[in-house]
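See below for the structure under consideration.
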Protein chains: 2
Amino acid sequence: MNSHTEENYLKAIYKLIEHDTDVVTTNAIADKIKTKAASVSDMLKKLADKKLINYQKYQGVSLTPKGQKVALNIIRKHRLWEMFLVEKLDFKWDEVHDVAEQLEHIHSDKLIAEIDKFLNYPKVDPHGDPIPDVNGKLQLQKSKSLSNFSTGDILVITGVVDHSPAFLRYLDKSGLALGFEIKIKEIIEFDKSLQIMINKKNTLFISLEVAKNILVITK
Amino acid sequence: MNSHTEENYLKAIYKLIEHDTDVVTTNAIADKIKTKAASVSDMLKKLADKKLINYQKYQGVSLTPKGQKVALNIIRKHRLWEMFLVEKLDFKWDEVHDVAEQLEHIHSDKLIAEIDKFLNYPKVDPHGDPIPDVNGKLQLQKSKSLSNFSTGDILVITGVVDHSPAFLRYLDKSGLALGFEIKIKEIIEFDKSLQIMINKKNTLFISLEVAKNILVITK
DNA sequence: AATAAAATTTAGACTAGCCTAAATTTTATT
DNA sequence: AATAAAATTTAGGCTAGTCTAAATTTTATT
């Protein structure tokens, strides 16, 4: 049986590995799940015994196929639950994380299959993150950060990098949401901030920091 | 913080006290939650320290108002989740218990309020059990066991005593469901089994044991 | 290459919950 | 009322997961 805690470790490792390196450090994990490095070391030994991770003392860890499967299943459940909360229960996209963090550990294949059906098999969650399928397959994200584009480019918002409620509420307040069209009117020389037009209607200035955290595809 | 385990103890105590005595024994609790009496003794001390139960060594336990509130809140969540599973996700009434047993421990007031709203504020769960309101108030059940009635009585099924999947599936197979009308055609002298007519259409024999586990009100 | 700093692991201890076996208290029976 | 049986509690131990402090290994810097 996979405990709640074990699942959280595997998910953390998966997420740390996802974009960056091919190996995660003990400290990075400790940081991510808000525990101490010593506790992580303990747990890594146990996960390795169960063949869920590849682990050599002092050398960092990666997930075995078995561990990756567990991690992706948790992520699938997390994202489906987030979708459910937003689509069916009127949660805002900045309110779903903590509850989904609990719901993702409910064990019932039927339950998650029915939720998936109830939501009509969504491909992405409310933040634009892809939802792995039952086999752990992920649609690869071809979107890039808004900060990579140039004046005149016309783009569509597909996701966010930062998922913090503070950032998400800022986007709401600025009238930015997934699926909205953005045209880069100007990139300000001084601080690289962007003047953008949203849905051909409103113009808005956003900082480089904000632009970095908005994911888009070209239209 | 109320742990998962703590909540299960309080729920068990509530359910054991519900109909019968005013005090529960250690063994009864051990039995209910499938643990050993020694473990229960340990836990009772802790619950008493937290003022969740009234407990004197060797004298059995009852819930304090604080403990009762926790128990009723868990029961509320359990029954709302069962309702959700049946009404929205196509679960059968014999399939919901184990999943609801997990879902009842999710902590989020907003979540359960939204589920309640989504279901349009149901008063009873799929088994006919009343759903406590946010304050822990319970609609009192005025239904009685079908075994208490006599030939000629016309009744409506409102609930079940036994909640086991086996019994529930037997009812399904026999064409019995909540809200259905029953007329007692005859009570067989020999074994007190009943011949009943369902919804003025089909007749059926049921054992005394089965009759005892069906709750009804007079029409 | 040697050493200092940083990262990681080990040792030893703690808590929540559980267990078995032994001791104690209550209840039932003579 | 005394004793046997049943119920309950205590004592002592176990596991999962956490922690701090100390030891070890790796990495960075001189």
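We name chains A, B, ... by the order of the sequence lines, and we start the count at 1 in each one.
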Find the distance D42(A):CG to dG12(C):C1' and express it as a whole number of Å.
11 Å
Would you mind reading off the distance between Y58(B) atom OH and dT8(D) atom C1', rounded to a whole angstrom?
5 Å
Phosphate-side-chain proximity, S39(A) and dC19(D), N/O vs OP1/OP2 below 4.0 Å
yes
For the side chain of S41(A), starting at C-beta, report the closest nucleotide among dT10(D), dT9(C), dT8(D).
dT9(C)
Count the heavy atoms belonging to other residues, nucleotides or ligands that lie under 6.0 Å from NZ of K69(A), then report whether that count exceeds 12.
no
Which of dG17(C), dA21(C), dC19(D) is nearest the side chain of A38(B)? It is dA21(C)
Look at T26(B) and dT9(D) and indicate whether a side-chain polar atom (N or O) is within less than 4.0 Å of OP1 or OP2.
yes
Atom CG of residue position D109(B) - does it have more than 12 heavy atoms of other residues, nucleotides or ligands inside 6.0 Å?
no
Counting only Watson-Crick or G-U wobble pairs whose two distances fall under 3.5 Å, which nucleotide matches dT9(D)?
dA22(C)
Could you walk me through whether T5(A) and M43(A) pass the side chain to side chain contact (heavy atoms under 4.5 Å, CB included) test, one step at a time?
CA-CA 9 Å; T5(A) 308; M43(A) 182 60 71; 3.9 Å; yes
Rounding to 0.5 Å, atoms CD1 (I196(A)) and OG1 (T151(A)) come to a distance of 12.5 Å
dT18(D) OP1/OP2 closer than 4.0 Å to side-chain N/O of K34(A):
no
Could you tell me the separation between the CD1 atom of I29(B) and the P atom of dT8(D), rounded to a whole number of Å?
9 Å
Measure from NZ or CZ of K110(A) to the centre of the six-membered ring of F91(B), then state whether that distance is under 6.0 Å and the direction lies within 45° of the axis.
yes
Passing option when E104(A) is tested against K77(A), R76(A), K11(A) for salt bridge (charged side-chain N to carboxylate O under 4.0 Å, His left out):
K11(A)
Below the 4.0 Å mark, does dG17(D) have OP1 or OP2 next to a side-chain nitrogen or oxygen of T35(A)?
no
Return no unless some side-chain N or O of T5(A) is found under 4.0 Å from OP1 or OP2 of dA16(D).
no
Is the shortest side-chain N/O distance from K57(A) to OP1 or OP2 of dT10(C) below 4.0 Å?
yes
Scan every strand shown for a Watson-Crick or G-U wobble partner of dG17(C), both distances under 3.5 Å, and answer none if you come up empty.
dC14(D)
Whole Å only: how far is the NE2 atom of H4(B) from the C1' atom of dC18(C)?
15 Å
Could you tell me how far apart L52(B) (CG) and dA16(C) (P) are, to the nearest whole angstrom?
14 Å
Please determine, for dG12(C), whether a Watson-Crick or G-U wobble partner exists with both distances under 3.5 Å, and give it or none.
dC19(D)
Whole angstrom is fine here: how far is it from CG in D31(A) over to C1' in dA6(C)?
15 Å
Contact class for N27(A) (heavy atom, under 4.0 Å): base, sugar-phosphate, or nothing?
sugar-phosphate
If only side-chain N and O atoms of K36(A) are considered, is one of them under 4.0 Å from the OP1 or OP2 phosphate oxygen of dT8(C)?
no
Measure the distance from CD on E6(A) to P on dG17(D) and round it to the nearest whole Å.
7 Å
Mind calculating the distance between CD (Q59(A)) and P (dT8(C)) to the nearest angstrom?
10 Å
For dT29(C), give the paired nucleotide (Watson-Crick: N1-N3 plus N6-O4 or O6-N4; G-U: N1-O2 and O6-N3; both under 3.5 Å), or none.
dA2(D)
